[in-house]
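One structure below.
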Amino acid sequence: MPLKLATWNVNSLNVRLPRLLDWLATNQPDIIGLQETKLEDARFPAMEVAAAGYQANFYGQRTYNGVAILSRLPATDVSPDMPEFPDDHKRVLAATIGDIRFVCFYVPNGQSVTSDKYQYKLRWLSAATDYVRNELGRFPRLAVVGDMNIAPEDRDVHDPDLWHGQVLCTDAEREAFRAWLGLGLKDAFRLFDQPEKAFSWWDYRQLAFPKNHGLRIDHILLSPALAASCASCRIDRQARKGEKPSDHAPVIAELSV
DNA sequence: ATGGCGCGCGCAGCGCGA
């Protein structure tokens with residue numbers, strides 16, 4: 001039985017609910033992590049999601065941030081936040097579904113390298129390394145997914161010279177990403193041959209999507225046990241097309257379990 | 001070229017995202 005894991009920054013679930021429901025019906029993921037829901041928990045569309053066949057766990061706030069985990073099977077041990085990193089921003093939600101531990105991250109953007117928000121991002125990433133290390137120790141079958149706001153390598157950037165040293169591409173951010181790989185996580189997308197210039201985010205401006213001026217910043221990271229059974233991973237560019245798309249495309253990985 | 005688009009909030013125009 002294949003098991004499909006996905007992640008998608010929806011940039012407002014209020015606006016994107018019809019697209020999400022369409023995407024779920026077409027792609028049938030077993031578990032999906034959502035970011036930037038921008039909804040207080042009382043406003044989460046749990047009924048609509050349940051009607052689509054998914055249990056929802058959500059951890060949101062109005063206007064900014066907000067994460068959710070939707071799953072076919074019920075989730076247990078649902079855990080918001082990183083315990084060692086108290087934060088007003090709602091960016092982390094973890095849950096156990098079947099024998100999979102599933103962590104949904106919405107990593108801070110960082111704005112620019114001279115911003116306080118960048119320092120916050122680096123502190124957040126450091127805490128996330130400790131958090132992932134701990135989760136890996138507890139759960140051998142671990143998936144860490146989300147909008148990581150890091151393009152890990154130059155091949156994940158449409159114009160590496162333009163982006164060199166810019167937020168999302170700095171050495172410090174990339175080192176944090178490599179630290180997660182150093183703990184044993186695998187970048188599911190890079191387990192397979194992929195098209196050149198494959199990205200998951202494109203600016204709304206300047207015809208960035210039609211020109212494929214994007215970055216690959218949304219990731220599915222798998223523990224060794226899960227990576228061993230990963231059969232495919234792709235970015236669904238289709239979902240970035242049409243009226244009122246999110247600026248991010250979903251990423252979906254298939255495990256043969 | 002520091003804008004450009006889209007979103008939330010809330011009713012004008014700003015902060016934020018990446």
Side-chain angles (χ1 to χ4, degrees), chain A residues 7-20 23 33-45 58-68 87-92 104-125 128 145-174 176-177 189 197-219 235-237 239-251:
Chain A
T7 181
W8 195 5
N9 179 324
V10 293
N11 186 17
S12 168
L13 186 53
N14 187 42
V15 172
R16 227 65 67 195
L17 181 62
R19 274 188 173 260
L20 174 67
W23 196 85
L34 304 178
Q35 303 86 37
E36 285 206 83
T37 56
K38 301 184 179 178
L39 285 177
E40 288 175 312
D41 291 346
R43 294 187 58 211
F44 194 93
F58 37 85
Y59 186 52
Q61 61 193 101
R62 70 175 201 172
T63 310
Y64 306 115
N65 311 312
V67 285
D87 193 354
D88 292 336
H89 297 191
K90 298 191 188 313
R91 297 182 175 276
V92 178
C104 178
F105 274 172
Y106 175 46
V107 174
N109 169 277
Q111 197 167 65
S112 75
V113 294
T114 55
S115 163
D116 289 346
K117 295 188 177 77
Y118 180 69
Q119 296 304 320
Y120 162 68
K121 180 178 192 175
L122 295 184
R123 289 196 306 275
W124 198 101
L125 290 170
V145 314
D147 177 356
M148 307 308 187
N149 270 319
I150 302 170
E153 301 177 55
D154 278 352
R155 61 178 166 163
D156 301 311
V157 181
H158 71 93
D159 185 342
D161 292 334
L162 179 69
W163 281 88
H164 178 76
Q166 305 265 17
V167 71
L168 313 186
C169 300
T170 65
D171 289 342
E173 292 163 272
R174 287 175 168 180
F177 190 90
F189 191 74
K197 299 190 178 299
F199 309 125
S200 68
W201 169 84
W202 302 260
D203 200 299
Y204 283 121
R205 297 167 289 187
Q206 296 279 109
L207 300 172
F209 181 68
K211 294 175 176 172
N212 199 30
H213 290 178
L215 304 175
R216 191 175 71 94
I217 56 177
D218 300 88
H219 305 291
I235 298 167
D236 183 17
R237 294 184 88 258
R240 182 61 172 78
K241 299 177 181 175
E243 293 296 308
K244 286 201 163 294
S246 170
D247 45 354
H248 295 252
V251 187

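Chain letters run A, B, ... following the sequence lines, proteins first and then strands; every chain starts at 1. Please read all numbers here as calculations on a predicted model, not as lab measurements.
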Going by the rule salt bridge (charged side-chain N to carboxylate O under 4.0 Å, His left out), which residues pair with E40(A) if we only count those two or more places apart in sequence or in a different chain?
none
Nearest-Å distance once atom P is located in both dG4(B) and dG13(B)
14 Å
P-based separation of dG15(B) from dA1(B) [nearest Å]
24 Å
Stems for DNA chain B (at least 3 consecutive Watson-Crick or G-U pairs, under 3.5 Å) come to B:5-9 with B:13-17
Would you mind building the protein contact string for nucleotides 8-18 of chain B? One character per nucleotide, 5' to 3', B for base within reach (heavy atoms under 4.0 Å), S for sugar-phosphate only, - for untouched.
SS------SBB
All side-chain contact (heavy atoms from CB on, under 4.5 Å) counterparts of T63(A), not counting sequence neighbours
none
Pairing residues for D247(A) by the salt bridge (charged side-chain N to carboxylate O under 4.0 Å, His left out) criterion, not counting sequence neighbours
none
With a 4.5 Å heavy-atom cut-off, do V107(A) and L125(A) have their side chains touching?
yes
C1'-based separation of dT2(B) from dA12(B) [nearest Å]:
22 Å
With sequence neighbours left out, write down each residue that passes salt bridge (charged side-chain N to carboxylate O under 4.0 Å, His left out) with D218(A), or none if nothing qualifies.
none
Test of understanding: with salt bridge (charged side-chain N to carboxylate O under 4.0 Å, His left out), list the residues that count as partners of R123(A), not counting sequence neighbours.
none
Could you give the CD-to-C1' distance, from E243(A) to dG6(B), as a whole number of Å?
13 Å
Which whole number of Å gives the distance between the P atom of dG10(B) and that of dC16(B)?
15 Å
Sequence-distant partners of H213(A), side chain to side chain donor-acceptor pair (under 3.5 Å), two or more places apart
none
What residues form a ring pair (Phe, Tyr, Trp, His ring centres under 6.0 Å) with H164(A), not counting sequence neighbours?
none
